[in-house]
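The block underneath contains the structure these notes are about, expressed in structure tokens.
Remember, it's a predicted structure, so these values are computed and weren't measured experimentally. Every chain is numbered from 1 and lettered A, B, ... according to where its sequence line falls, protein lines coming before strand lines.
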Protein chains: 2
Amino acid sequence: MTKDEILSAAAQIFSQKGFHAASMQDIAQAVNLQKASLYHHISSKQDMLLAILDQALDLLIEHIEQVAIQPLPADEKLRLAMVVYLQAMLEQRDLAAVLLLEHRSLENQYRSQHIPRRDRFEQLWRNMLREGVEQGIFNCTDLALASRALLGVMNWTITWYHPNGGLSPINIAEQTADLFFNGLLKREG
Amino acid sequence: MTKDEILSAAAQIFSQKGFHAASMQDIAQAVNLQKASLYHHISSKQDMLLAILDQALDLLIEHIEQVAIQPLPADEKLRLAMVVYLQAMLEQRDLAAVLLLEHRSLENQYRSQHIPRRDRFEQLWRNMLREGVEQGIFNCTDLALASRALLGVMNWTITWYHPNGGLSPINIAEQTADLFFNGLLKREG
DNA sequence: GTCTATATGGTGATAGAC
DNA sequence: GTCTATCACCATATAGAC
């Protein structure tokens with residue numbers, strides 16, 4: 001048994017039941033161990049949560065940064081980032097769900113380790129929006145609000161997506177990007 | 001002590017700590033009772049959660065329905081609904097946060113009571129989108145996806161809004177509606 | 001309607017054998 | 001590295017006095 005296998009099982013259970021409703025017993029059972037044996041690999045339940053959050057954030061940051069550094073027009077870059085982000089999110093649903101919905105279960109001491117990385121992640125989105133404003137192609141009066149709207153429209157997907165629901169991740173990603181870029185209203189003419 | 005006072009305190013604590021992390025002890029303390037005394041007013045913790053979810057949903061449905069029945073052009077109607085919804089949500093943050101983030105802590109038997117109302121709520125949004133499509137003013141190929149994007153951009157607000165954060169609810173509501181209607185891209189010309 | 005006391009069971013975590 | 005056994009604690013909920 002490896003630490004990664006345990007974290008993977010834990011992520012699945014945390015995402016299904018929520019951090020506090022999930023017990024060490026549940027996790028041990030999922031990997032066919034006694035719960036005491038888990039503590040050979042991890043030091044506490046909070047420690048597991050932090051590890052999962054960091055792992056999820058690393059995964060997403062890595063994807064987004066690869067897009068962010070490319071010399072593309074801001075609209076193409078942001079669209080690509082949205083598609084890449086949504087695909088990664090929906091293909092690693094357990095990790096993403098824990099990152100987005102369980103991060104508040106982190107106790108203060110652990111949270112202070114995690115927060116800086118999360119800020120950097122949000123900064124990536126804000127910077128991509130800023131580029132578009134500077135290039136005169138984004139219509140955006142408040143960068144902070146726009147980046148939160150952008151994250152909202154993407155992150156909320158984790159609350160309703162099911163892999164057998166008819167829409168594929170790429171399909172969802174493209175349509176969501178279209179809607180966010182063009183808006184709901186039909187253009188005149 | 002009334003049931004409503006207890007539910008109100010419970011909503012605040014559920015929204016702060018999450019349902020499972022909040023104890024009956026916490027709630028009793030918040031209303032200056034012994035935890036055993038709570039059971040004179042409510043029958044279980046799950047019962048409290050269901051009551052809060054229903055209360056929150058009632059509040060929001062009531063607001064949205066009042067807008068939905070008005071004979072307005074679809075774009076004006078949806079914009080008004082968004083503003084009304086966001087204002088109600090941000091002014092009743094505790095209720096809304098429990099509704100949006102803790103509903104999955106409901107056990108199956110309780111959930112089956114709650115789900116039909118929730119479906120009706122989502123149907124209200126979908127219908128308003130449909131009206132706009134029928135009137136030829138909304139650009140929307142997939143009603144289900146668009147309504148989820150719409151709910152995402154609004155509901156995510158509950159995860160970051162703080163009343164002393166500079167932006168007022170009405171301010172947030174107007175800007176969010178603008179962005180969702182017009183899109184991020186600047187129009188040509 | 002609120003209290004004290006308690007039943008009953010699960011929790012995260014540790015000790016120490018193998 | 002995994003086990004059995006156990007600790008100390010907290011959870012939801014109930015019983016019954018006042």
Looking only at side-chain atoms of [X], point me to the closest of [options].
{"X": "K35(A)", "options": "dA13(C), dA11(D), dT4(C)", "result": "dA13(C)"}
{"X": "K45(A)", "options": "dA11(D), dT2(C), dG12(C)", "result": "dG12(C)"}
{"X": "M24(B)", "options": "dT2(C), dC3(C), dT12(D)", "result": "dT12(D)"}
{"X": "Y39(B)", "options": "dT14(C), dT11(C), dT14(D)", "result": "dT14(D)"}
{"X": "Q34(A)", "options": "dT11(C), dA11(D), dT4(D)", "result": "dT4(D)"}

Base, sugar-phosphate, or nothing for S37(A), non-hydrogen atoms under 4.0 angstrom? base

Just checking A22(B): base, sugar-phosphate only, or nothing, at a heavy-atom cut-off of under 4.0 Å?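 Sugar-phosphate, no base atom in range.
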
Beyond-backbone contact of W125(B) with M154(B), side-chain heavy atoms, under 4.5 angstrom: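 Yes - at least one pair of side-chain heavy atoms lies under 4.5 Å apart.
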
Determine whether L100(B) and M89(B) make a side-chain contact, defined as any pair of heavy atoms from C-beta on separated by less than 4.5 Å.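 A side-chain contact under 4.5 Å exists here.
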
If I take atom [atom1] in residue [X] and atom [atom2] in nucleotide [N], what distance separates them, rounded to the nearest angstrom?
{"X": "D4(A)", "N": "dG1(D)", "atom1": "CG", "atom2": "C1'", "answer": "17 Å"}
{"X": "I42(A)", "N": "dA13(C)", "atom1": "CD1", "atom2": "C1'", "answer": "10 Å"}
{"X": "L49(A)", "N": "dG12(C)", "atom1": "CG", "atom2": "C1'", "answer": "14 Å"}
{"X": "I27(A)", "N": "dA13(C)", "atom1": "CD1", "atom2": "P", "answer": "10 Å"}
{"X": "Q46(A)", "N": "dG12(C)", "atom1": "CD", "atom2": "P", "answer": "11 Å"}
{"X": "Q29(A)", "N": "dT11(C)", "atom1": "CD", "atom2": "P", "answer": "11 Å"}

Counting heavy atoms not belonging to E62(A), are there more than 12 under 6.0 Å from its CD? no

First encountered from the 5' end of DNA chain D, between H40(A) and A36(A): H40(A)

First of F19(A) and H41(B) reached from the 5' end of DNA chain C, by closest nucleotide: H41(B)

Would you indicate, yes or no, if dC10(D) has its OP1 or OP2 atom less than 4.0 angstrom from a side-chain nitrogen or oxygen of Q25(B)?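 No, because none of the side-chain N or O atoms of Q25(B) sits under 4.0 Å from OP1 or OP2 of dC10(D).
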
Got a donor-acceptor contact below 3.5 angstrom from the K45(B) side chain to the A22(B) backbone? yes

Which distance, rounded to the nearest 0.5 Å, do you find between the CG of L184(A) and the CD1 of I137(B)?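 Separation between the atoms: 8.5 Å.
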
